[in-house]
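All chains are named by letter (A, B, ...) in the order of the sequence lines, taking the proteins before the strands, and each is independently numbered beginning at 1.
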Protein chains: 2
Amino acid sequence: MLNRNRIVTAAVELIEREGADAVSMRRIAAELGVGVMSLYNHVPSKAALLDAVAEDVLSRIGFTDDPSAHWTERVRIQARAFRRIAHHYPRSTMVVVSRQLSSTAGLLPVERALATLREAGFDGREAVRMLRMFIAYVVGSLLREVGVTPTFAPVRADAIIAEVDPALFPVVSELRPHLDSCDHDEEFEFGLELLVQAMAVRAAARADAQAGRGAGERGGGRAGHGGARQ
Amino acid sequence: MLNRNRIVTAAVELIEREGADAVSMRRIAAELGVGVMSLYNHVPSKAALLDAVAEDVLSRIGFTDDPSAHWTERVRIQARAFRRIAHHYPRSTMVVVSRQLSSTAGLLPVERALATLREAGFDGREAVRMLRMFIAYVVGSLLREVGVTPTFAPVRADAIIAEVDPALFPVVSELRPHLDSCDHDEEFEFGLELLVQAMAVRAAARADAQAGRGAGERGGGRAGHGGARQ
DNA sequence: GCGTGTCACGTACGCTGTACGTACGTCAAT
DNA sequence: ATTGACGTACGTACAGCGTACGTGACACGC
């Protein structure tokens, strides 16, 4: 018996196996051993099917939230959970990312993330902003890692190796070794840590401000801010 | 006379006017008043044409680099230049982002960015990492802004407004006003500022470490770090 | 038995990218 | 002046696409 779930699963498998370009209704139908039009009894259109694929992948994000952990660690864990899924379904991730989906799938991650941020001491407005910034970073990173980089990220290596003119691009030329290689895990963790620390500084600044003016001038967040601005 | 540039330009215009889905070789040919196959005298395939589109858009990034400005401000300016282009060619930006291109177009931005980061005091390895992190954030932000959000970012607003169950998603439900609205400029600047500050803290920490151990324990970046970690 | 629904299917239409053959310039060598 | 090569534009043709539509097989409450 054909049903929506079987179709979506077949689509995900096909995407991972042969890439998003290989996906066609005929191909999926063949994969399932049914006629093409039978699919349309369960899925209104190909676009809707791809939306369902995105939703499906997103819903697979595993949550092992540990409420006893420090909020900074919980943020890291959630970011890594997202990333793990993307690595498990790399090609489908591209579908997720390049598709505007309006469903409530993946709302659970948002709920958890916002709760964590509220716990960290941010008000609603700030929590949402932090979340959006975080998602931007994670999504951007995945886009690079998963192979569909905007540009120049891990760089095509060998292909261009001799093409860069040191006179025109001295810095790029000098840093080529670092540009050519890219340890995705390290890079991700580096940015993650930077972001978490930045958030923590903000949180500390908030706490200071709320704790009253008296001790407000102590070193911590304040000095960090000053150093940053000048 | 037909040539590659006219074709690429027509493609970009068509994408912006009617969306990437509307792009077909026949459509572009019609737009230029030529036969379909004539295009193939100047462009090897549709995929190559889209690569050319990406390259073209990327090369339009305007650079008003001000070497006299503080490096933090230069970072902001470069990020905003990237973003401006994306807003000028929103639909083409999606093409840029969802396409692995290996050309050296857009290498100039990289050169400038790396130079700026070196100037800020980062070594090669760190500069590259900072750049990658930055690109990830900017690209992720643009993906959200340009309309093809991975998920839940500005949220489809009205459509879901009643759908969220406050019992299941208390925090999302509570923060709905903030989730529904999204001032892209503000959000972008918020994340940008956070990142720049985080980078500045890192740079300051580096400077401290290099300046010798004696004054290493002074307030600034150090205290900021401490606060962040605990 | 008989409507009424659901589900798988086949056919058909208009679209796609592009391989291939053709026809018409222009330029170089004869 | 004639010839040949070459580059460019074009038309035709083919395989594949998404999907609208109609048909037939089966299960159900009456």
Side-chain angles (χ1 to χ4, degrees), chain A residues 1-57 91-92 94-103 148, chain B residues 1-57 91-92 94-103 148:
Chain A
M1 177 68 165
L2 202 53
N3 63 40
R4 186 184 147 106
N5 245 319
R6 290 223 304 141
I7 295 175
V8 172
T9 303
V12 172
E13 282 174 8
L14 183 57
I15 290 174
E16 292 306 325
R17 186 153 27 88
E18 306 196 21
D21 287 347
V23 174
S24 78
M25 297 305 268
R26 283 171 169 80
R27 196 79 173 63
I28 294 173
E31 211 83 9
L32 291 167
V34 302
V36 193
M37 292 315 289
S38 307
L39 302 177
Y40 287 88
N41 287 323
H42 308 271
V43 163
S45 71
K46 185 186 182 182
L49 172 56
L50 291 181
D51 282 344
V53 166
E55 199 172 321
D56 186 62
V57 170
R91 302 174 125 160
S92 303
M94 290 314 303
V95 174
V96 176
V97 149
S98 63
R99 191 151 276 277
Q100 169 102 299
L101 64 139
S102 57
S103 84
V148 182
Chain B
M1 176 70 163
L2 201 54
N3 64 39
R4 187 185 146 104
N5 244 320
R6 290 222 304 141
I7 295 175
V8 172
T9 303
V12 172
E13 282 173 7
L14 182 58
I15 290 174
E16 292 307 325
R17 185 151 29 87
E18 307 196 19
D21 287 347
V23 175
S24 79
M25 297 305 266
R26 282 172 171 80
R27 196 77 175 64
I28 293 173
E31 210 84 8
L32 291 166
V34 301
V36 193
M37 292 317 288
S38 308
L39 302 177
Y40 285 89
N41 287 323
H42 309 270
V43 163
S45 70
K46 185 186 182 183
L49 172 56
L50 291 181
D51 282 343
V53 165
E55 198 170 321
D56 186 63
V57 170
R91 302 174 125 159
S92 304
M94 289 314 303
V95 174
V96 176
V97 149
S98 62
R99 191 152 277 276
Q100 169 102 297
L101 65 138
S102 57
S103 85
V148 182

* Asked: Where along residues 41-49 of chain B does a heavy atom come under 4.0 Å from DNA chain D, residue by residue in number order?
  ->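 Hits under 4.0 Å, by residue number: B:Asn41, B:His42.
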Minimum-distance pair of heavy atoms, taken over all atoms of [X] and [Y]:
X       : Y       : value
A:Ala48 : A:Pro44 : CB-CG, 3.5 Å
A:Asn3  : A:His42 : CA-ND1, 3.7 Å
B:Val8  : B:Ala52 : CG2-CB, 3.8 Å
B:Gly35 : B:Ala29 : O-CB, 3.7 Å

Step-by-step side chain to side chain contact (heavy atoms under 4.5 Å, CB included) determination, B:Ile15 to B:Met94 | CA-CA 10 Å; B:Ile15 290 174; B:Met94 289 314 303; over 6 Å; no
Could you measure the distance from the [atom1] atom of [X] to the [atom2] atom of [Y]? Nearest 0.5 Å is fine.
X       : Y       : atom1 : atom2 : value
B:Ser38 : B:Met25 : OG    : CE    : 10.5 Å
B:Arg4  : B:Thr9  : CZ    : OG1   : 10.5 Å
A:Leu49 : A:Asp56 : CG    : CG    : 10.5 Å
B:Ile7  : B:Leu14 : CD1   : CG    : 13.0 Å

Under 4.0 Å from any atom of DNA chain C, heavy atoms only: list the residues of residues 20-38 of chain B that qualify, in numerical order.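 Correct list: B:Val23, B:Ser24, B:Met25, B:Arg26, B:Val36, B:Met37.
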Notebook entry, point to check: Using a heavy-atom distance cut-off of less than 4.0 Å, which residues of residues 1-16 of chain A contact DNA chain C?
Noted result: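 Here the set is A:Met1, A:Leu2.
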Check your understanding: Which residue pairs pass the side-chain hydrogen bond (donor to acceptor under 3.5 Å, both in side chains) test with at least one member in residues 11-30 of chain B, sequence neighbours excluded?
Key ->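 Applying side-chain hydrogen bond (donor to acceptor under 3.5 Å, both in side chains) to every pair that reaches into residues 11-30 of chain B, excluding sequence neighbours, yields B:Glu16-B:Ser92, B:Arg17-B:Glu31, B:Glu18-B:Arg27, B:Arg27-B:Glu31.
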Quick one: how far along DNA chain D does chain A reach, first to last nucleotide 5' to 3', anything under 4.0 Å to a heavy atom?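 Listing 5' to 3', DNA chain D meets chain A from D:dC17 to D:dC21.
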Heavy-atom side-chain contact between A:Leu39 and A:Leu32 under 4.5 Å: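 Side-chain contact under 4.5 Å: yes.
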Any side-chain heavy-atom pair from B:Val23 and B:Lys46 closer than 4.5 angstrom?
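Side chain of B:Val23 against side chain of B:Lys46, heavy atoms only: contact under 4.5 Å found.
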